Asker: 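Sharing a structure, written as structure tokens. Questions coming.
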Amino acid sequence: MKIYYINLDQSTERRDWMESQLSVLAGDDIQYQRIAAIDGSKLSAEEITTHTHSLSPSQLGCSLSHRRAWELIGNGADEYGVVMEDDILISSLAREFLNNDQWIPPCTGILRLETTNSKIRLLSAKGGV
């Protein structure tokens with residue numbers, strides 16, 4: 001299962017942070033790729049009008065960056081992919097989830113893993129994306 005992390009070109013400290021975490025986590029069974037985030041402040045008025053109704057330019061850039069990640073997953077060879085932003089702390093236990101997909105419920109199109117008060121919550125959306 002490939003990991004895609006989103007990172008603005010100018011956020012080099014965050015890029016270094018993610019690369020250091022992922023290099024420890026990754027191995028032969030886990031690969032990762034940086035996705036250059038779309039900087040909402042650099043979108044044209046036409047792009048903003050085309051894609052938004054009530055989003056700020058920053059929110060729109062974030063949304064479009066995630067869309068880019070989903071397209072890479074959808075067009076990739078892996079059945080599943082992981083999308084991360086560049087400001088997370090990756091648990092040393094993440095390898096258990098990321099090196100296989102056997103734990104994913106059948107017919108799941110989207111999973112959202114998040115932690116709250118040190119507990120992992122799994123939010124699942126059935127069906128295709």
Side-chain angles (χ1 to χ4, degrees):
M1 192 168 7
K2 191 167 187 175
I3 298 170
Y4 299 89
Y5 77 94
I6 298 169
N7 168 260
L8 285 166
D9 288 339
Q10 64 268 28
S11 295
T12 56
E13 285 184 23
R14 286 186 173 193
R15 182 181 317 138
D16 293 343
W17 165 249
M18 287 300 292
E19 294 284 334
S20 68
Q21 293 185 90
L22 290 168
S23 66
V24 170
L25 180 70
D28 293 336
D29 52 352
I30 299 175
Q31 298 177 350
Y32 61 90
Q33 176 181 335
R34 177 183 173 272
I35 295 175
I38 296 170
D39 188 342
S41 67
K42 295 181 180 175
L43 293 172
S44 70
E46 181 181 343
E47 288 172 306
I48 292 171
T49 303
T50 300
H51 294 287
T52 184
H53 299 284
S54 61
L55 297 175
S56 71
S58 293
Q59 291 169 323
L60 177 57
C62 183
S63 177
L64 292 173
S65 297
H66 279 264
R67 181 178 176 167
R68 182 180 289 167
W70 301 332
E71 289 170 349
L72 286 169
I73 292 169
N75 294 326
D78 294 327
E79 187 171 354
Y80 298 100
V82 176
V83 179
M84 299 178 177
E85 293 193 10
D86 64 2
D87 59 348
I88 68 167
L89 173 61
I90 302 172
S91 168
S92 60
L93 301 176
R95 175 174 284 285
E96 295 177 32
F97 290 99
L98 300 174
N99 70 354
N100 74 74
D101 58 14
Q102 300 303 305
W103 59 273
I104 299 174
C107 302
T108 298
I110 298 173
L111 285 173
R112 179 176 171 176
L113 292 174
E114 60 181 44
T115 58
T116 306
N117 299 326
S118 300
K119 295 181 183 177
I120 295 176
R121 296 186 326 161
L122 171 65
L123 308 172
S124 174
K126 299 289 184 185
V129 182

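On a predicted model such as this, the values are computed, not experimentally measured, just so you know. Here, residue 1 is the first one in the sequence, and each next residue gets the next number.
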Asker: First locate atom CD of Q33, then atom CD1 of I73, and finally report the distance between them rounded to the nearest 0.5 Å.
Answerer: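 Between atom CD of Q33 and atom CD1 of I73 there are 10.0 Å.
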
Asker: Name all residues meeting the side chain to side chain donor-acceptor pair (under 3.5 Å) criterion together with E13; count only those two or more places apart in sequence or in a different chain, and write none if there are none.
Answerer: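 E13 satisfies side chain to side chain donor-acceptor pair (under 3.5 Å) with no residue once adjacent residues are dropped.
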
Asker: Mind jotting down which residue pairs meet the salt bridge (charged side-chain N to carboxylate O under 4.0 Å, His left out) criterion with at least one end in residues 66-75? Sequence neighbours excluded, please.
Answerer: R67-E71

Asker: With sequence neighbours excluded, tell me which residues meet side chain to side chain donor-acceptor pair (under 3.5 Å) with Y32.
Answerer: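 Checked Y32 against side chain to side chain donor-acceptor pair (under 3.5 Å); matches are E19.
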
Asker: In this structure, would W17 and I3 fall into the same cluster of hydrophobic residues linked by side-chain contacts under 4.5 Å?
Answerer: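 Yes: a chain of side-chain contacts under 4.5 Å links W17 to I3.
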
Asker: Apply the test side-chain contact (heavy atoms from CB on, under 4.5 Å) to residues Q59 and C62: give CA-CA distance (whole Å), side-chain angles for both, the deciding distance (0.1 Å), then the verdict.
Answerer: CA-CA 5 Å; Q59 291 169 323; C62 183; 5.7 Å; no

Asker: With a 4.5 Å cut-off on side-chain heavy atoms, are I6 and R34 touching?
Answerer: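 Counting from C-beta outward, R34 and I6 never come under 4.5 Å.
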
Asker: List for me each residue that meets side chain to side chain donor-acceptor pair (under 3.5 Å) alongside N75, sequence neighbours excluded, and say none if there are none.
Answerer: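 Once residues adjacent in sequence are excluded, N75 has no partner under the side chain to side chain donor-acceptor pair (under 3.5 Å) criterion.
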
Asker: Rounded to the nearest 0.5 Å, what's the gap from CZ on R95 to CG on N100? Could you check?
Answerer: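 R95 atom CZ to N100 atom CG measures 11.0 Å (nearest 0.5 Å).
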
Asker: Any donor and acceptor pair, going by atom type alone, linking the side chain of S65 with main-chain N or O of G61 inside 3.5 Å?
Answerer: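 Indeed, once roles are kept as given, a pair shorter than 3.5 Å links the two residues.
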
Asker: Evaluate the side-chain proximity of Y5 to I35: yes if any heavy-atom separation is below 4.5 Å, no if none is.
Answerer: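 They are not in side-chain contact.
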
Asker: Which residues pass the side-chain contact (heavy atoms from CB on, under 4.5 Å) test with S41, sequence neighbours left out?
Answerer: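 Here the qualifying residues are D39.
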
Asker: Determine, using the 4.5 Å side-chain heavy-atom cutoff (strictly less than), whether Y4 and W70 are members of one ILVMFWY cluster.
Answerer: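 Looking at the clustering, W70 is in the same group as Y4.
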
Asker: What closest approach, in Å, do T12 and D9 show between heavy atoms, and which atom pair accounts for it?
Answerer: CG2-O, 3.8 Å

Asker: State the CG-CG distance between D78 and L72, to the nearest 0.5 angstrom.
Answerer: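 It comes to 11.5 Å.
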
Asker: As an exercise, state the distance from CD of E47 to NZ of K42, rounded to the nearest 0.5 Å.
Answerer: 12.5 Å

Asker: Report yes if some heavy atom in the side chain of L43 is under 4.5 Å from a heavy atom in the side chain of I38; otherwise report no.
Answerer: yes

Asker: Do the side chain of Q21 and the main chain of S91 share a donor and acceptor less than 3.5 angstrom apart?
Answerer: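 No, the answer is negative, given that no donor and acceptor are paired below the 3.5 Å cut-off.
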
Asker: Hydrophobic clusters here meaning ILVMFWY residues chained together by side-chain heavy-atom distances under 4.5 Å, can you tell me if L89 and F97 are in one?
Answerer: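 L89 and F97: one cluster.
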
Asker: Using the side-chain contact (heavy atoms from CB on, under 4.5 Å) criterion, which residues pair with E96? Sequence neighbours excluded.
Answerer: L93

Asker: Which pairs would a plain distance check flag for residues 79-87, meaning a side-chain donor or acceptor within less than 3.5 Å of a matching protein atom at least two apart in sequence or in another chain?
Answerer:
residue : atom : partner : partner atom : Å
E85     : OE2  : H66     : NE2          : 2.7
D86     : OD1  : R14     : NH1          : 3.1
D86     : OD2  : N7      : ND2          : 2.7

Asker: My understanding is that only residues two or more places apart in sequence, or in another chain, count here; which of them pass side chain to side chain donor-acceptor pair (under 3.5 Å) with S23?
Answerer: none

Asker: Flag the pair I90 / M18 as yes when at least one side-chain heavy-atom distance between them is below 4.5 Å, and no otherwise.
Answerer: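 Side chain of I90 against side chain of M18, heavy atoms only: contact under 4.5 Å found.
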
